[in-house]
Student: 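I'd like to ask some things about the structure below.
Every value quoted in this text rests on a predicted model; they were computed, and no experiment measured them. No hydrogens, no waters, no symmetry mates; every other heavy atom, side chains included, goes into these values.
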Amino acid sequence: MSPVIVPVDPKILSILKLYERDKKIPLPYSKEIFLLECNIAGTSFLDLEEIEPGLKKGDLLIFKREIDNPVDELAILILNEKGLKLGYVPRVKNEVLARLMDAGKLIFGKLEDKSRVEEWLKLDIRVFLKDL
């Protein structure tokens, strides 16, 4: 059985600007690989009141390693498409993702759902790998 050809979302290609050091271009019709679902950690410590109304299901989320993070050496910062900080991949879910990113793999997210739990903005995401 031959693989299904899926067009690449241009927004995903824009993440490559963060990986200029690799000088690699993804296969034009390769499929992203779903890895896991989780919430964005740390949203309760940020003022997301102005950002929240613009967050929509399916929005692309940019992941950026923070190897100098004083609390967690495997920290992965999550940004929206405008580069605004939304929080982090939860520590209990970040080890494998961080190691993949450190090996040059493109890891990104998509917003699945958002809801309010009292004062907490709960952002549910899906995490994907795009092999370069």
Side-chain angles (χ1 to χ4, degrees):
M1 186 169 160
S2 63
V4 176
I5 297 176
V6 179
V8 175
D9 182 344
K11 292 178 183 178
I12 293 169
L13 294 177
S14 70
I15 296 175
L16 293 177
K17 292 177 187 174
L18 300 174
Y19 295 89
E20 290 176 342
R21 65 177 171 82
D22 293 334
K23 305 288 187 232
K24 294 181 181 178
I25 298 173
L27 299 173
Y29 293 102
S30 63
K31 188 174 181 182
E32 59 211 29
I33 302 165
F34 169 70
L35 298 176
L36 59 94
E37 292 179 322
C38 64
N39 299 327
I40 296 180
T43 59
S44 60
F45 298 105
L46 301 171
D47 182 10
L48 299 176
E49 294 299 320
E50 291 184 26
I51 298 172
E52 189 271 330
L55 296 174
K56 307 285 184 246
K57 181 177 178 166
D59 282 356
L60 180 68
L61 304 173
I62 299 165
F63 286 22
K64 183 177 180 186
R65 281 282 281 121
E66 278 192 351
I67 53 177
D68 295 331
N69 185 299
V71 178
D72 182 5
E73 66 185 23
L74 298 172
I76 302 171
L77 177 64
I78 301 176
L79 309 166
N80 70 1
E81 291 182 60
K82 295 178 182 176
L84 300 173
K85 181 177 179 177
L86 299 176
Y88 290 88
V89 172
R91 187 183 295 212
V92 298
K93 302 271 187 173
N94 73 2
E95 183 176 5
V96 172
L97 299 177
R99 300 214 189 285
L100 286 167
M101 291 178 75
D102 292 347
K105 298 301 181 186
L106 175 58
I107 306 293
F108 64 95
K110 291 183 182 179
L111 184 62
E112 188 65 23
D113 193 25
K114 67 177 180 175
S115 59
R116 283 274 176 194
V117 179
E118 297 178 12
E119 297 298 315
W120 174 45
L121 177 60
K122 182 176 182 255
L123 298 174
D124 298 318
I125 66 170
R126 298 186 81 191
V127 180
F128 297 87
L129 174 135
K130 178 78 168 169
D131 201 10
L132 302 177

Student: Applying the side chain to side chain contact (heavy atoms under 4.5 Å, CB included) criterion to Leu86, which one of Ile51, Leu121, Leu46, Leu77 satisfies it?
Tutor: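 Per the side chain to side chain contact (heavy atoms under 4.5 Å, CB included) rule, the option paired with Leu86 is Ile51, out of Ile51, Leu121, Leu46, Leu77.
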Student: In Å and rounded to the nearest 0.5 Å, what is the CD1 to CZ distance from Ile125 to Phe63?
Tutor: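 Answer for the CD1-CZ pair, Ile125 versus Phe63, is 4.0 Å.
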Student: Minimum heavy-atom separation for Asn69 and Ala75, please, with both atom names.
Tutor: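 Between these two residues, the closest heavy atoms are ND2-CB, 3.5 Å.
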Student: List the residues meeting side chain to side chain donor-acceptor pair (under 3.5 Å) with Asp113, not counting sequence neighbours, and say none if there are none.
Tutor: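 Applying side chain to side chain donor-acceptor pair (under 3.5 Å) to Asp113 gives none.
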Student: Can you name the residues that form a side-chain contact (heavy atoms from CB on, under 4.5 Å) with Leu36, not counting sequence neighbours?
Tutor: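 If we apply the side-chain contact (heavy atoms from CB on, under 4.5 Å) test to Leu36, skipping adjacent residues, the hits are Cys38, Lys93, Leu97, Val127.
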Student: If you link I, L, V, M, F, W and Y whenever their side-chain heavy atoms are under 4.5 Å apart, who else ends up in the same group as Trp120?
Tutor: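 Under the 4.5 Å side-chain rule, Trp120 groups with Val117.
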Student: Rest of the hydrophobic cluster containing Leu74 (Ile/Leu/Val/Met/Phe/Trp/Tyr, side-chain heavy atoms under 4.5 Å)?
Tutor: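 Hydrophobic cluster check, Leu74: no partners found.
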Student: Applying side chain to side chain donor-acceptor pair (under 3.5 Å) as the test, list every pair that has at least one member in residues 82-92; sequence neighbours left out.
Tutor: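 Qualifying pairs, neighbours excluded: Glu66-Tyr88, Lys85-Tyr88.
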Student: Applying salt bridge (charged side-chain N to carboxylate O under 4.0 Å, His left out), can you list everything that pairs with Glu50, at least two apart in sequence or on another chain?
Tutor: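 Partners of Glu50 under the salt bridge (charged side-chain N to carboxylate O under 4.0 Å, His left out) test: none.
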Student: With sequence neighbours left out, what residues match Glu49 under side chain to side chain donor-acceptor pair (under 3.5 Å)?
Tutor: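 Expected list: Arg116.
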Student: May I ask you to decide if Ala98's main-chain N or O and Asn94's side chain share a donor-acceptor pair within less than 3.5 Å?
Tutor: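 No.
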Student: Output a table of donor-acceptor pairs, distance under 3.5 Å, between side-chain atoms of residues 52-62 and any protein atom two or more places apart or on a different chain; print 'none' if there are none.
Tutor:
residue, atom, partner, partner atom, Å
Glu52, OE2, Lys114, NZ, 3.0
Lys56, NZ, Pro53, O, 2.7
Asp59, OD2, Lys56, N, 2.8

Student: Would you indicate whether the side-chain heavy atoms of Leu35 and Ile107 approach each other to under 4.5 Å?
Tutor: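 Side chain of Ile107 against side chain of Leu35, heavy atoms only: contact under 4.5 Å found.
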Student: Are Ile67 and Ile76 linked, directly or through intermediate hydrophobic residues, by side-chain heavy-atom contacts shorter than 4.5 Å (ILVMFWY only)?
Tutor: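 Different clusters.
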Student: What residue among Glu37, Glu32, Glu81 forms salt bridge (charged side-chain N to carboxylate O under 4.0 Å, His left out) with Lys110?
Tutor: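 For Lys110, the salt bridge (charged side-chain N to carboxylate O under 4.0 Å, His left out) test succeeds with only one of Glu37, Glu32, Glu81, which is Glu32.
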Student: Output the distance between atom NZ (Lys105) and atom CG (Leu100), rounded to the nearest 0.5 Å.
Tutor: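 Lys105 atom NZ to Leu100 atom CG measures 8.0 Å (nearest 0.5 Å).
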Student: Sequence neighbours excluded, which residues qualify as ring-ring contact (aromatic ring centres under 6.0 Å, His included) partners of Phe128?
Tutor: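 Phe34, Phe108.
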